[in-house]
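Quick note on labels: first sequence line is chain A, next is B, and so on, each numbered from 1. The figures that follow rest on heavy atoms only: side chains count, while hydrogens, waters and symmetry mates do not.
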2 protein chains.
Amino acid sequence: MRLKKNPDSAISLRAAGMKATPQRCAILHVLDSSDRPLSVEDIRQELGDESGVPTIYRNLQSFVDQGWAESLVGVDQVMRFVRCHSTGHHHHLQCEGCGRTVEVQTCAVEASLAALGQPAGFRVTRHQLALYGLCPECQHQ
Amino acid sequence: MRLKKNPDSAISLRAAGMKATPQRCAILHVLDSSDRPLSVEDIRQELGDESGVPTIYRNLQSFVDQGWAESLVGVDQVMRFVRCHSTGHHHHLQCEGCGRTVEVQTCAVEASLAALGQPAGFRVTRHQLALYGLCPECQHQ
DNA sequence: TTTGTTGCAAAGGGTTTGCAGGAGA
DNA sequence: TCTCCTGCAAACCCTTTGCAACAAA
């Protein structure tokens, strides 16, 4: 993938007070095009070494700060990033077959939060839910 | 904390085919005594440098393999370990005030699993839920 | 021109591995 | 005694930082 400016990305970036550099636009585009969480290494390979690792880290952090992406830490302790298309509270549902990820708007836990903490006297304020399963395609294999 | 053998630990360890070394017993005891997730560094300090870091890592891994402990990776990408007292499916509820952790046997998500994946056609097979809140003591401060 | 951004290199820090010496059973 | 375990040191690897050169606006 070549470094080029996507007009849409550039507008969003500038609206957020960031300069629309080719690297930054390209990283955002890679994230946009992928439906699975990407590591920094994934992105670097996708960009064909045309962007340095520190640059990728720094830009991804900016995107997370803007609420455009979310960072996940897996069991392998490697950071991965997913583009967030909804702004509110949501969860990610990841296919264990192909790695594809979709956002789930409905929160399965919210209704039970009070009940969950009650036995221990806890007041639950926050939660993190990761869902894993098989997407339609992978179920047929 | 001194390195000493706890008779109970020793029995469990030998039953699992492991030698009951002082280090191993001590690590298990530290984990047993704590009600919050501990990093390797936490354990090393608790043991007063009487056990090497690689030894702690190796033993914790054995405990996880035995189902005696669970490893968690936080946003800081540091591994933490908690003693598991129940063998089945459960979740952890952690206090954001003092760090104390309790196990929650009831699973808030199980009932909704099918419904969660339905919109995307996913079949949900596995999930991870982390709950954060305030324990009774910390609510009063 | 000004300010933010990139790239390189190096540092940082948690985790893992290899191997020789040591201790449990 | 035999096997497993420990400790040390070094290797690994992902991530972050410092700084000078560069480019967007």
Rounded to whole Å, how long is the line connecting atom [atom1] of [X] with atom [atom2] of [N]?
| X | N | atom1 | atom2 | result |
| --- | --- | --- | --- | --- |
| A:Leu38 | D:dT15 | CG | C1' | 17 Å |
| A:Ile56 | D:dT16 | CD1 | P | 13 Å |
| B:Asn59 | D:dC5 | CG | C1' | 8 Å |
| A:Glu50 | C:dC8 | CD | C1' | 17 Å |
| A:Met18 | C:dT5 | CE | P | 6 Å |
| A:Ile43 | C:dT6 | CD1 | P | 13 Å |
| B:Leu60 | D:dC5 | CG | C1' | 15 Å |
| B:Leu13 | C:dA23 | CG | C1' | 15 Å |

**Request:** Go along nucleotides 10-21 of chain C 5' to 3' and tag each nucleotide: B for a protein heavy atom under 4.0 Å from its base, S when only backbone or sugar atoms are that close, - otherwise.
**Result:** ----SBBBB---

**Message:** Any carboxylate oxygen within less than 4.0 angstrom of a Lys/Arg side-chain nitrogen, looking at A:Glu70 and A:Arg83?
**Reply:**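 So A:Glu70 does not pair with A:Arg83 through a salt bridge.
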
**Asked** B:Ser51 has a side chain; which of C:dT5, D:dG7, D:dC5 sits nearest to it?
**Response**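 Selected nucleotide (nearest to the side chain): D:dG7.
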
**Nucleotide nearest A:Arg24 (side chain, heavy atoms from C-beta), chosen from D:dA25, C:dT5, C:dG24** =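 Shortest atom-to-atom distance from the side chain points to C:dT5.
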
**Prompt:** Between B:Asp65 and B:Ser62, is any side-chain donor less than 3.5 angstrom from a side-chain acceptor?
**Reply:**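 B:Ser62 and B:Asp65 do not have a side-chain donor-acceptor pair below 3.5 Å.
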
**Asked** A:Arg14 side chain to A:Lys19 main-chain N or O, any donor-acceptor pair under 3.5 Å?
**Response**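 Not a single qualifying donor-acceptor pair exists.
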
**A:Gln94 (side chain) donor-acceptor with A:Gly133 (main chain) under 3.5 angstrom** =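 No; zero donor-acceptor contacts below 3.5 Å.
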
**Message:** Counting only heavy atoms not in B:His140 (residues, nucleotides, ligands), do more than 12 fall under 6.0 Å from its NE2?
**Reply:**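 Check fails, neighbour count at 12 or below.
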
For [X] and [N], is the shortest distance between a side-chain N/O and OP1 or OP2 below 4.0 Å?
| X | N | result |
| --- | --- | --- |
| B:Thr55 | D:dG7 | yes |
| A:Gln23 | D:dA23 | no |
| A:Thr21 | C:dG4 | no |

**Request:** Taking ring pair (Phe, Tyr, Trp, His ring centres under 6.0 Å) as the test, write out the residues that go with B:His91, two or more places apart.
**Result:**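 B:His91: ring pair (Phe, Tyr, Trp, His ring centres under 6.0 Å) contacts with B:His89, B:His127.
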
**Which atom of A:Gln139 lies closest to which atom of B:Phe122, heavy atoms considered** =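 Looks like NE2-C, 3.7 Å.
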
**Message:** With nearest nucleotide decided by heavy atoms, which residue, A:Gly52 or B:Lys19, maps closer to the 5′ end of DNA chain C?
**Reply:**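 First, find each residue's nearest nucleotide; the 5'-ward one identifies A:Gly52.
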
